[in-house]
Amino acid sequence: MDRIKQAEEALTKTKETMNQRYRLGYHIMAPANWINDPNGLVQFNGEYHVFYQHHPYNENWGPMHWGHVKSKDLVHWEHLPVALAPGDVCDVDGCFSGSAVDNDGELTLIYTGHHYTDKENDVFFQNQNIAVSRDGVTFEKIGENPVIAKPPADSAHHFRDPKVWKHNDTWYMILGNATKEKVGRVILYRSADLRKWEYVGVLAQSDGTLGFMWECPDFFELDGKYVLMISPQGIEADGDDYNNLFQTGYLVGDYDYDTNEFVHGAFTELDHGHDFYAVQTLLDSKGRRIAIGWMDMWEANMPTKTDGWCGALTLPREVTLGSNNKILMNPVEEVSLLRESEHHVCKNKSISGDYLVKTKEDLLEVKAVFELTNTTASAVGLKIRGLNDEETVITYHLEQQKLILDCSKSGKVEDGVRNATLEANGLLTLRIFVDRSSIEVFANDGQATMTSRIYPGEERLGVEIFAYNGDNNSEVLVKELTYWNLKDIWK
């Protein structure tokens with residue numbers, strides 16, 4: 001049987017018995033079973049396409065396929081048939097992550113073929129392949145595959161996640177890689193036709209502190225600077241930084257195409273929540289750089305596996321460059337299309353201690369603005385509360401200048417707290433998106449973002465704002481508290 005058809009039939013079968021309790025209302029998910037990295041973010045024939053690493057036969061990671069959704073507005077997504085299935089000579093054991101380009105009306109996927117030589121001991125080799133489509137739905141792997149058969153001679157076997165773009169009349173490809181000495185790096189190739197590739201050299205590599213492998217690289221120009229986004233594996237935790245198993249972050253600097261010299265600053269984490277990895281971006285027709293990440297983390301507790309599915313992608317975020325070369329991420333403006341009803345709770349109201357707004361709705365956008373210049377509080381924040389003891393808490397500590405996301409009472413019992421440094425400068429603006437099993441926090445227009453999966457077991461009680469000084473209630477001026485009920489795009 002055709003492998004794509006077989007995968008689709010497996011998804012249909014699982015959907016019939018899938019538990020819906022944690023299914024997300026407005027995020028990209030597969031119809032059923034496992035997903036991880038976003039792949040191939042691209043605009044094609046006026047529509048946004050997002051692909052993703054997908055195992056259509058099981059709720060666990062397995063032989064990687066490419067799942068596929070498209071949208072006209074980055075909000076309302078439509079599932080399309082599985083785009084790539086492994087099993088050909090060029091990709092026997094998996095169609096791993098990659099990217100997509102519109103090559104004069106031919107939608108071209110560039111991806112890694114995975115090949116085990118000793119599966120039990122995770123010994124493998126990887127190559128780079130291409131599949132093409134005219135209709136944006138059905139893809140054909142080209143006869144020239146693999147277009148890059150093996151990595152440079154000084155490489156380890158890690159050689160994956162091609163990101164391809166065009167500069168002037170030349171195609172460029174970066175790949176996640178590691179040296180034989182286990183130093184993470186990104187390497188660069190170029191091509192005139194996407195078929196024959198020439199190795200240029202190393203774009204950037206670890207100074208010894210940034211892990212043994214750099215996954216899912218992305219490289220682009222932003223406001224006159226060049227940004228390399230990477231997902232390093234093997235960085236040790238350092239205080240509030242690098243607290244997940246693997247990290248995602250960026251380097252910003254200046255780049256010369258003629259010399260392949262990238263002079264950059266220090267590595268900075270992109271998101272300080274529990275569940276953000278393998279981010280990819282596209283440049284859209286409006287000139288925006290838009291990022292989407294995997295909204296999970298390797299080896300994390302994933303309760304939805306018992307429900308017949310696992311994995312989701314973040315909201316699309318517009319990436320901009322702030323002061324001191326800091327990357328800011330904020331939801332794309334189109335997310336306002338999700339809003340069904342608006343509730344203005346208070347404006348310029350002084351609160352003392354707690355202030356609860358009752359709502360049973362489980363799909364919410366919340367905006368809270370705290371005036372901090374004259375407050376007596378040492379900590380202010382917001383809770384998403386369940387009927388009894390469950391809560392997800394976002395707290396800002398004024399003196400420490402620290403934003404804290406605590407999910408320990410909403411399904412992250414162990415290791416439930418994450419911290420981010422935030423200089424609020426007298427005003428704290430929180431924009432929070434809550435879905436059935438996720439929370440995304442954007443503070444002060446993207447100065448800090450925190451993304452985590454949550455797994456509440458109770459019905460929602462509502463949203464509570466608070467101001468404390470130690471154990472005592474304090475006053476704070478709430479300039480605005482507004483929430484919106486959001487639509488479920490999958491119903």
- Query: Rounded to the nearest 0.5 Å, how far does CD of Glu269 lie from OG1 of Thr421?
  - Reply: 10.5 Å
- Any idea how Tyr116 and His114 line up, ring-wise: parallel (<30°), tilted (30 to 60°), or perpendicular (>60°)? perpendicular
- How long is the span from the CG atom in Leu282 to the CD atom in Gln43, to the nearest 0.5 Å? 6.0 Å
- Message: Check Asp37 with Arg160, please: is the shortest side-chain N to carboxylate O separation under 4.0 Å?
- Response: no
- Message: Between Tyr26 and Val75, does the side-chain contact (heavy atoms from CB on, under 4.5 Å) criterion hold? Intermediate values first, please.
- Response: CA-CA 7 Å; Tyr26 53 88; Val75 169; over 6 Å; no
- Item | Over 12 non-hydrogen atoms of neighbours within 6.0 angstrom of CG in Asn324 | no
- Query: Do the charged groups of Glu318 and Lys286 touch, with an N to O distance under 4.0 Å?
  - Reply: no
- Could you point out which residue of Val147, Ile142, Ile130, Val132 forms a side-chain contact (heavy atoms from CB on, under 4.5 Å) with Leu194? Ile130
- Geometric class of the Tyr255/Phe262 ring pair [parallel <30°, tilted 30-60°, perpendicular >60°]: perpendicular
- Task: Salt-bridge test for Asp88 and Arg3: reply yes if a basic N is under 4.0 Å from a carboxylate O, no otherwise.
- Result: yes
- Under the side-chain contact (heavy atoms from CB on, under 4.5 Å) rule, what do Leu403 and Leu430 come out as? Steps first, then yes or no, please. CA-CA 10 Å; Leu403 190 68; Leu430 297 176; 4.1 Å; yes
- Task: Go through the steps to decide whether Val101 and Ile110 satisfy the test side-chain contact (heavy atoms from CB on, under 4.5 Å), and finish with yes or no.
- Result: CA-CA 8 Å; Val101 295; Ile110 310 96; 4.1 Å; yes
- Query: So Phe442 and Phe433, would you call those rings parallel, tilted or perpendicular, with 30° and 60° as cut-offs?
  - Reply: perpendicular
- Message: Once you measure the plane-to-plane angle for Tyr199 and Tyr189, does it fall in the parallel (<30°), tilted (30-60°) or perpendicular (>60°) bin?
- Response: tilted
- With a 4.5 Å limit on heavy-atom distance, are the side chains of Asp296 and Ile35 in contact? no
- Are any of the side-chain heavy atoms of Lys163 and Phe219 separated by less than 4.5 Å? no
- Message: Quick test of your reading of the model: are Asp240 and Lys402 salt-bridged, counting only N-O distances below 4.0 Å?
- Response: yes
- Message: Would you call the rings of Phe125 and His115 parallel, tilted or perpendicular, taking 30° and 60° as the class edges?
- Response: parallel
- Query: What about His158 and Phe124, are their ring centers closer than 6.0 Å?
  - Reply: yes
- Item | Mutual orientation of the aromatic rings belonging to Tyr455 and Tyr22 [parallel < 30°, tilted 30-60°, perpendicular > 60°] | perpendicular
- Query: Would you say Trp214's side chain and Leu175's backbone share a donor-acceptor pair under 3.5 angstrom?
  - Reply: no
- Query: Does the side chain of Pro86 come within less than 4.5 Å of His65's, by heavy atoms?
  - Reply: yes
- Are Tyr111 and Phe139 an aromatic pair by the rule of ring centers under 6.0 Å? no
- Task: Give, for atom CZ of Arg289 and atom CD1 of Ile327, the distance between the pair rounded to the nearest 0.5 Å.
- Result: 10.0 Å
- Message: Test side-chain contact (heavy atoms from CB on, under 4.5 Å) on Thr248 and Met229; report intermediate values, then the result.
- Response: CA-CA 7 Å; Thr248 292; Met229 289 186 174; 5.8 Å; no
- Item | Ring centroid separation Tyr257 to Tyr172 under 6.0 Å | yes
